[in-house]
Amino acid sequence: MSKETAAMLSIPRSQEEGQITTWISLKKYAYLISLVLPLAPISSCYLAVTTGNGLWLWATIVFWYFGIALLDKYFGDDEANPTDKMVEELKSEEYYKKVMYLTVPLLWAGVIACAYTVSQYEWSWFSFLGGALSAGLVAGIGVNLGHEMGHKINDRVQVFFAKMALALSGYGHFFIEHNKGHHKDVATPEDPASSRMGESLYKFVKREIPGAFRRAWELESARLKRMGKSEWSFSNEIIQPAIATIALYSLLLAYFGPIMIPFLLIVAGFGYWQLTCANYIEHYGLLRQKNEKTGRYERCQPHHSWNANQKVSNLILLHLQRHSDHHAHPTRAYQVLRDYNGVPNLPAGYPLMFVYAMIPSVWFSIMDPKVVAWAGGDMDKVNIDADKKDELYSRYHNPEKKAA
Amino acid sequence: MSTENFRKYCCITCDMIYDEELGMPEEGIEPGTRFEDIPDDWTCPECSASKSDFYLLK
């Protein structure tokens, strides 16, 4: 690799301030389109009830997986990166937090609206499923909000809202496991939340969900032990959001009856599924190299995450897709996350990538060549599924190719 | 070098602790190095969080 190429790797794309000021000012308000995801199920419930057509209950799901992809195709990538001066101005502006504080109660309202609609009217099982999946998607968006705010550990208000957002899907252990576990082990074979090349989404989930819970509980127990407290106390930050989940689910069950049992199973399951899909696509196959002398992995750098810079999906997901910068700067607020040159890029925004991931043959055909290109043909540099190692080595391992 | 009042700093993201008394020799930081004497562009060796993301443990 030439020095010039190395210098091009992983640098935030810089821009002249004049080029981007207008868009960044407009973007401040454009983040409000992220409210579409809690509001869509509320509107579709209303339409289903007023028209009597249960197919409306599928509208949110169709919009999520395909509508956003079309909008991404139309509006393209987000070229704007805030300058250092803008970062200083934007990073602590209260407005951006208020967008999230507004979203969390709307997410709760979205789940409750779906619960009300599926339980108080007669629907086919198919329409019921659409309503339950819509609520599950809203719970999954709660994980996204919980992720953003759960990183701001020194801000009690954000941490409270993070817990409330995560409570919707019963994934309250997320921000412990994610911050102290995933951010430490990301892009290594040890991380249950980083997928390996050749590992299908359906194999990954069996490692990810139990692995994440185990890691969260161990980390939280260790923290409480250091404080001289029992792991079964109200100071346990896994138990706190779990209480909110139990309260919400019990109330829904009490008010709307036994139909809430399958409904809530789908809500939590589909909420978890959104996170599983995100974890799956964010670091697929990427590997940090281990320093054999110190036994420590190299620091996580921007090229250890798959980045997606599509404008609309990034607004809706509050820049979650600018994942390269997120892992390089874990506490950086969403509004100042930047796009990078020289990082691996996903060909589409997250929702469409989730669809590809759910069809393993499609996922492997799109992503495996990208992982190989990222590693310069050297499969020793790839986080690889042990069961697929021989097959993938014989197919792709060609480290000389790049050197030549 | 004073051996008194060494402090510990904790990474806000991953809880890694920097102990001034021990330093981090494998990172080229000698034992006894004050946190403020570590270069500003140093990042958490565990999770890459910025130096400014460390807080003082009391």
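Note that the structure is predicted; figures quoted are calculated from it, not measured. Labels below follow one simple rule: chain letters A, B, ... track the order of the sequence lines, proteins then strands, and each chain is numbered from 1.
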Notebook entry, point to check: Going by heavy atoms in the side chains, are Arg226(A) and Asp15(B) under 4.5 Å from each other?
Noted result: yes
Margin query: Using side-chain heavy atoms (C-beta onward) and a distance below 4.5 Å, is Pro45(B) in contact with Arg299(A)?
Written below: yes
Does a sphere of radius 6.0 Å around [atom1] in [X] hold more than 12 heavy atoms from other residues, nucleotides or ligands, not counting ones at 6.0 Å or beyond?
X: Lys8(B); atom1: NZ; value: no
X: Asp37(B); atom1: CG; value: yes
X: Tyr96(A); atom1: OH; value: yes
X: Lys51(B); atom1: NZ; value: yes

Note to self: Nearest 0.5 angstrom please: His178(A) NE2 to Cys14(B) SG, how far?
What the structure shows: 12.0 Å
Item checked: Reported CD1-to-CG distance for the pair Ile12(B) and Asn154(A), which is rounded to 0.5 angstrom -> 3.5 Å
Notebook entry, point to check: With a 4.5 angstrom heavy-atom cut-off, which part of Thr43(B) approaches chain A: side chain, backbone, both or neither?
Noted result: both
Check: Does any heavy atom of chain A fall under 4.5 Å from the side chain of Cys44(B), the backbone, both, or neither of them?
Finding: backbone
Item checked: Salt-bridge contact Glu46(B)-Arg296(A) (side-chain N to carboxylate O under 4.0 Å) -> yes
Margin query: Under 4.5 Å from any heavy atom of chain B, what part of His327(A) do you find: side chain, backbone, both or neither?
Written below: backbone
Item checked: Minimum-distance pair of heavy atoms, taken over all atoms of Pro330(A) and Cys47(B) -> CG-O, 4.0 Å
Note to self: If we check side chain to side chain contact (heavy atoms under 4.5 Å, CB included) with Thr13(B), which of these qualifies: His329(A), His183(A), Lys184(A)?
What the structure shows: His183(A)
